[in-house]
Number of protein chains: 2
Amino acid sequence: MVTVSTLKLDKRTYHHGDLRAALIDAGLAGLESTGPERISLRELARTVGVSPTAVYRHFPDKQALLAALGCEALRMLGEAQREASERAGGGIEGFGATGRAYVRFALSHPGLFRLAIAHGPAAVDLASEDDEASRLLVAYAAELTDGSPEAVRRLSLQAWSVAHGLAMLMLDGRLPPDDAIIDEVISERTLFPRPPGASP
Amino acid sequence: MVTVSTLKLDKRTYHHGDLRAALIDAGLAGLESTGPERISLRELARTVGVSPTAVYRHFPDKQALLAALGCEALRMLGEAQREASERAGGGIEGFGATGRAYVRFALSHPGLFRLAIAHGPAAVDLASEDDEASRLLVAYAAELTDGSPEAVRRLSLQAWSVAHGLAMLMLDGRLPPDDAIIDEVISERTLFPRPPGASP
DNA sequence: TCGGCTATGGTAACAGTGTCAACATTGAAA
DNA sequence: TTTCAATGTTGACACTGTTACCATAGCCGA
């Protein structure tokens, strides 16, 4: 959260104070209850108590607003994953835990998750990303392989794909959002049967 | 394709002939060039040469229209996978081929793919689905495991998740839509190192 | 053959959206 | 204190999905 939620001053002030932060806060709140497609620029402005076009003083576009929300959502996702990783104590269990946290975050915050993925900054190289989620991923992949770039890359991509695919399939209703399925699919034991790095 | 594309009769006829099929055809054509959220009911009606509200004689909703398009798209996806499977000659290579075909279909028909997943019929149990894609998946999973329900289930879910995750990450710009990455991620050799069913 | 009924199409309108141009207000710097 | 850039507002435009109501046409029975 941005913790600037009480910035909606009373109406007597012509200027708002920090409209940008208020809009992002309202957007994050709205994303908790509906999907990204259904949040409206005008309604956001309404809840903040401002005219629709005032938004354009802070974001050139609706897309830009969504992108800002996406960045914040991505940060929250990474934070959830880091907590899960620390709780699991690192190692291969930590790796699995971050994957399961990825899916659980998607299920409990569908709007935020969708926006984090769909409207985040376009990624070029996974290794050079600067968000916490990506950092965690490649760090674990390096730890659990021989460290060669190819191995790190492959494990990162495969792990991310599994977690993301499961999350999206559940969000889109193609698979039931069942906790047991998460544990079944994202399992260090069955997914990567020979712990990488153990044997050459 | 539905192969009813020339049904847009000239304007002198008050009734259209087969408006429903024409709408679906136009929708599929539109999905080839843009995403599902950007196709407009009114524009679809316009390209077919009919008033906006005529659509409501054949679909109760825009959602219903999208659902119909999603079913058709899902059929096309399954067909692409079956072709790839047959070309690879079955077995574990066929399994990998269907996975790669899944991702390639997503990349070459993003709109169709998104709609096939997002607006298809809500799935309850993977084993009881009646679309070709699901059938292929569980058939391969049964062939490549000992056939126990748990093993079949797990392999199905993991394989689907990997393919779907990779496809979505590429479609959403989080990973470059690189053919080499597809081969790298969806590889029978690295993803399922011990061919299931070989050793107990 | 004819009359009516139903399937299918059209018109007008409503509320809502994102966005632009032009105008208004404010706080702070010169 | 004056001016100016930052910020907010009003009004409008084109577009959307949807509804209520009206129009046409082709088929079915008398």
Side-chain angles (χ1 to χ4, degrees), chain A residues 2 4 6-27 29-31 33-70 111 114-115 118-119, chain B residues 2 4 6-27 29-31 33-70 111 114-115 118-119:
Chain A
V2 175
V4 206
T6 58
L7 273 178
K8 182 165 69 173
L9 311 177
D10 53 326
K11 286 306 195 54
R12 296 172 310 175
T13 67
Y14 187 87
H15 283 49
H16 185 279
D18 196 349
L19 179 54
R20 185 192 157 96
L23 282 171
I24 288 187
D25 260 26
L31 282 175
S33 48
T34 56
E37 345 278 308
R38 311 194 56 178
I39 69 165
S40 142
L41 188 147
R42 292 179 101 109
E43 182 171 4
L44 230 50
R46 229 176 285 137
T47 72
V48 171
V50 103
S51 91
T53 55
V55 181
Y56 289 84
R57 300 297 148 182
H58 300 269
F59 302 95
D61 235 19
K62 185 190 182 185
Q63 290 301 315
L65 206 175
L66 291 180
L69 290 172
R114 290 195 127 106
L115 208 56
H119 288 78
Chain B
V2 176
V4 207
T6 58
L7 274 177
K8 183 166 67 171
L9 311 177
D10 54 325
K11 285 306 195 52
R12 297 172 311 175
T13 66
Y14 187 86
H15 283 49
H16 185 280
D18 195 350
L19 180 53
R20 185 190 157 95
L23 282 171
I24 288 188
D25 260 24
L31 282 175
S33 47
T34 56
E37 59 273 0
R38 311 194 57 178
I39 68 164
S40 141
L41 188 146
R42 292 180 101 108
E43 183 171 1
L44 228 53
R46 229 175 287 137
T47 71
V48 171
V50 103
S51 91
T53 55
V55 180
Y56 288 85
R57 300 297 146 182
H58 300 270
F59 302 95
D61 238 11
K62 186 191 182 182
Q63 289 301 315
L65 206 175
L66 291 181
L69 289 173
R114 290 196 127 105
L115 208 57
H119 289 78

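Residue numbering restarts at 1 for every chain, and letters A, B, ... go by the order of the sequence lines.
Here dA21(C) is the nucleotide among dA21(C), dG10(C), dT16(D) with the atom lying nearest to any side-chain atom of Thr53(A).
Spacing between atom CD1 of Ile39(B) and atom C1' of dG17(D) amounts to 13 Å, rounded to whole angstrom units. Regarding Tyr56(A), its OH atom lies at a distance of 15 Å from the C1' atom of dG11(D), rounded to whole Å. Here dT8(C) presents its P atom at 10 Å from CG of Asp18(B), a figure rounded to the nearest Å. The separation between Leu41(B) atom CG and dT17(C) atom C1' is 16 Å, rounded to whole Å. Here dG17(D) presents its P atom at 13 Å from CD of Glu37(B), a figure rounded to the nearest Å. In this structure, CG of Leu23(A) is placed 12 Å from P of dG18(C), rounded to the nearest angstrom. In this structure, Glu43(A) places its CD atom 13 Å from C1' of dA15(C), rounding to the nearest Å. Atom pair Leu44(B):CG and dT16(D):P shows a separation of 11 Å (rounding to whole Å applied).
Of the residues near DNA chain D, Arg42(A) and Ser51(A), the one whose nearest nucleotide (by heavy atom distance) lies more toward the 5' end is Ser51(A).
Sequence neighbours left out, the pairs with a member in residues 48-70 of chain B that pass side chain to side chain donor-acceptor pair (under 3.5 Å) are Ser51(B)-Thr53(B), Gln63(B)-His119(B).
Taking every heavy atom of residues 57-66 of chain A and every atom of DNA chain D, pairs under 4.0 Å involve Arg57(A), His58(A), by number.
Evaluation of the salt bridge (charged side-chain N to carboxylate O under 4.0 Å, His left out) rule for Arg114(A) yields Asp172(A) as partners, not counting sequence neighbours.
Phosphate contact (OP1/OP2 of dT17(C), side-chain N/O of Arg46(A), threshold under 4.0 Å): present.
The CG atom of Leu115(B) lies 9.5 Å from the CD atom of Glu37(B); values are rounded to the nearest 0.5 Å. Here the straight-line distance linking atom CD1 of Ile39(B) with atom CG of Leu66(B) works out to 5.0 Å at 0.5 Å rounding.
Looking at heavy-atom distances under 4.0 Å, Ala54(A) makes contact with a base.
In this structure, Leu41(A) and Pro52(A) approach most closely via the heavy-atom pair CD2-O, 3.6 Å.
With hydrogens and angles disregarded, no donor-acceptor distance shorter than 3.5 Å links the side chain of Thr34(B) to the backbone of Leu31(B).
Put simply, the side chain of Arg46(A) does not reach to within 4.5 Å of the side chain of Leu44(A), judged on heavy atoms.
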